[in-house]
Amino acid sequence: MGSPLNNSGDSAEISKLTHLQMLSSIIPSEESERISVKHSFHHAYRGFCALLTKQEATLLSGYEEVVSVFPDPILELHTTRSWDFLRSYYSTNNYNYHASSNYDVIIGVIDTGIWPESPSFDDQHIGEIPSRWKGICMEGFDFHKSNCNRKLIGARFYDIEDQDSNITKLPKNTTKPNGTPRDRVGHGTNTASIAAGAFVPNATYYGLASGIARGGSPSSRIATYKACSEGYCQGSAILKAIDDAIKDGVDIISISIGRSFVFQTDFKDDPIAIGAFHAAERGIGVVCSGGNEGPDPYTVTNSAPWIFTVAASTIDRKFQSNVALGNNVTLKGTGISFYTSGHAKTYPLAFGENVHFHPSLTSQARNCMPGSLDAKKVAGKIIVCMNDGWLISRLIKKLVVQDANAKGLILIDEQEKSSPFDSGNFPFAEFGKIAGAKILQYINSSQNPYATIFPANEIRRFKPAPVVADFSSRGPATLTENILKPDITAPGVGILSATIPNTEKGSSLFGITSGTSMACPHVSGAMAFIKSIHPTWSFSMIKSAIMTTATISNNLRNPLTNTLNLDASPHEIGAGELNPIKALNPGLIFETTMIDYYHFLCNYGYKEKELRLIVSKKNSFNCPRSSTSTTKKELISHMNYPSISIEKLDQNYGVSRVERVAMNVGSPNATYTSSIIGPPGLIVRVSPRKIEFVKEIKKISFEVSFDGEKASKGYNFGFIIWSDGFHKVKMVFAVNVE
């Protein structure tokens, strides 16, 4: 229902009464028991969640005060050494900015809750809770107010049913718990510790990835909002969590959640996009994972321009799992497995398709699909499985062979080999096609093939790094290609982070996980770090600083690549790899204001009447009259965004021009000169080529023109670089020539 009628928000009682009155007008009186509200939103935006028929939903959507009505969606989780890698890779100076920080940053983490006893959330050496904090520490059946402290300053939970066995298997006649902020999945604990975990020495995962674990901003406070359980997140709970987080007083909201690109909806029907928009109106930054459905294009999600969208990359650490074949050949694979007792043993080796349950299941058996293997033939052997495109995860394949009493799993998978799978104490190794062919050749040429899978070992200072993760979702964005998405890339492969105790594997306090879920809190933590040094900078200023100082080369000083060893495009990495230290001093900033976002919604196609409900400055807002039906979408590219994307540049007609406004945050007297790094054929001009700042002039506009007459068709990528001799301000561009 858009913004509150007043800036301070509506009271809970008045809002709920209003919502119930609306429901009573569309729900028949004989079904009055259905007139109830599950969630009511009234702080940063107005709205509610209720049970309606399709007909009632249609009636409700016709009300003048209603912006949109949509089914409550199910979203999914986009499920250390990483900070040391970012620090050492990008900076040779030993900065200690945290010591000089005097601004307490509060990060709201919307996820599966938190495990408060983790040492990552210890509050030693942290001052008193900021007086501006208005949040609460909700108690649950296994979570008390004493679980919060000066680090974990807030905890809330919503109507999410945990799938934890300790809860579901309660004794008879025991009342089922109502809820808890406690994490039963591990995901929320992972993400919170990556963003703002305290320093924890001697952190390790069963001897792997040992070192000091810490978040990107160890001095920041954490508020957790449990809106997810294992396997799903309710859209209405996420909306409620964002609304609460805004009221509570967080500075940054971190959301490692999204829906599949297949089910992506319009912005006004997307709970994360709605909540993030109203958060931006109140100066709160929202950072989201871009999704784990790569490497195909058009798979990135959470792509609204007011969201900071994050892709995932590797760090300079590899978890290597070696396999010794019976022909004295040892192959180096990837994977995480360990032995709780004894040493690596040698077992017979078999290919899945040769131990099928029935000849008709040969293709399924080679992929180790459920029900395809003969347990009698599998028992006591190491099984080799393929991944030929069946939508069966590595975890399922592992469980299939493990349940058949196999002694280990070797997986041949070219795409996923760069992302280590944690197999626990079950022997596991993964290989690409070349090494996989050697294994299959050995099996076919030997009467009694056998092999040994060794426990994983850690390879540090691995090169090249970073590399774009194979699973990381790619652009362009499906909703609009005139905004470049993802925005940035951050570590998201093999990340050590705090987790919940796992009785099956012992009592490790840390785990190793991968996903854009893990990349997202790296950016949230970096933003908090920068905000603590520059408290007056807005969210979009920090976003610009991070994007224009991002690194586009790896630790071999070559361009960033993907897992196919091809140069990574901006549709894979956005502006480049996160570089928090350089972002502290970007030189120039391209600030995107709420007016830019309002005009974006106009140019995207929303009606002015709708937008006056949505935006907070209702009385003064009007769509630009220059927005004609033929040019609206093109005008999106004119938003003062830190990157440039043009969905369509006609090769045979005209030149596309966009304008940007640069803000000087460096030396008050500075002269910047532009240069272009671009593909052959695409003519890029900047006017003026030189911009001069003096003390009285903080902002200067410039125009960029693109002429594609001689360019290759398809997307052309490059950079505009502004330099004053010290700073190099990079603005990435993506231009689709047709």
Side-chain angles (χ1 to χ4, degrees), residues 1-74 158-159 234-244 246-247 259 263-282 304 306 479 594 597-598 600-623:
M1 295 172 63
S3 292
L5 299 178
N6 59 74
N7 290 332
S8 59
D10 304 327
S11 71
E13 294 77 13
I14 293 175
S15 295
K16 192 167 185 179
L17 180 61
T18 302
H19 301 157
L20 290 173
Q21 287 175 340
M22 292 180 71
L23 289 174
S24 64
S25 69
I26 60 171
I27 295 176
S29 57
E30 60 269 21
E31 299 180 41
S32 58
E33 69 277 0
R34 285 202 296 112
I35 302 176
S36 64
V37 172
K38 181 179 180 182
H39 293 298
S40 181
F41 320 123
H42 54 89
H43 301 305
Y45 38 85
R46 295 177 297 135
F48 60 89
C49 175
L51 184 64
L52 301 174
T53 66
K54 286 185 179 180
Q55 183 180 6
E56 291 161 355
T58 302
L59 287 171
L60 191 62
S61 65
Y63 281 41
E64 283 192 3
E65 62 266 46
V66 173
V67 177
S68 62
V69 178
F70 53 92
D72 191 2
I74 300 295
Y158 304 91
D159 294 334
Q234 203 79 39
S236 58
I238 293 171
L239 258 178
K240 180 63 175 170
I242 297 174
D243 194 36
D244 285 339
I246 293 170
K247 179 191 75 74
R259 67 171 84 203
F263 304 109
Q264 205 165 183
T265 61
D266 196 76
F267 297 119
K268 66 183 177 65
D269 297 334
D270 180 345
I272 294 178
I274 293 169
F277 178 85
H278 292 286
E281 284 194 310
R282 284 153 180 79
W306 48 84
L479 296 181
M594 287 310 303
Y597 297 142
Y598 297 160
F600 166 82
L601 294 173
C602 293
N603 296 325
Y604 186 76
Y606 291 123
K607 297 177 182 178
E608 192 171 279
K609 185 178 179 181
E610 283 181 306
L611 297 181
R612 286 188 175 176
L613 287 172
I614 295 172
V615 305
S616 61
K617 297 179 180 178
K618 301 178 183 68
N619 297 328
S620 60
F621 173 74
N622 290 290
C623 282

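Please read these numbers as outputs of a predicted model, since none were measured by experiment.
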Inset, instruction - Compute the ring centroids of Tyr597 and Phe267, then answer whether they are less than 6.0 Å apart. - result: no
Legend entry - Donor-acceptor contact present, side-chain Arg282 to main-chain His278, <3.5 Å: yes
Legend entry - Beyond-backbone contact of Glu56 with Ile26, side-chain heavy atoms, under 4.5 angstrom: yes
Legend entry - Any donor-acceptor N/O pair, Glu610 side chain to Lys607 backbone, under 3.5 Å: yes
Inset, instruction - With the side chain counted from C-beta on, respond yes when Ile27 and Thr53 share a heavy-atom pair under 4.5 Å apart, and no when they do not. - result: no
Legend entry - Reported NZ-to-OH distance for the pair Lys268 and Tyr606, which is rounded to 0.5 angstrom: 6.0 Å
Inset, instruction - Search all heavy atoms of Asp269 against all heavy atoms of Ser68 and return the closest pair with its distance. - result: OD1-CB, 3.4 Å
Inset, instruction - Work out which heavy atom in Ala273 is nearest to a heavy atom in Trp306; give both atom names and the distance. - result: O-NE1, 3.0 Å
Inset, instruction - For Ser3 and Tyr45, indicate whether the former's side chain and the latter's backbone hold a donor-acceptor pair under 3.5 Å. - result: no
Legend entry - Heavy-atom donor-acceptor pair, Asp270 side chain to Gln264 backbone, under 3.5 Å: no
Inset, instruction - List the atom of Val67, the atom of Gly2, and the distance in Å for their closest heavy-atom pair. - result: CG2-N, 3.9 Å
Legend entry - Nearest heavy atoms of Gly235 and Asp72, plus distance in Å: N-OD1, 3.3 Å
Inset, instruction - Please report the shortest heavy-atom distance between His42 and Asp243, naming the atom on each side. - result: N-OD2, 3.0 Å
Inset, instruction - State, with a plain yes or no, whether a side-chain heavy atom of Thr265 is found less than 4.5 Å away from one of Arg259. - result: yes
Inset, instruction - With the side chain counted from C-beta on, respond yes when Phe48 and Lys240 share a heavy-atom pair under 4.5 Å apart, and no when they do not. - result: no
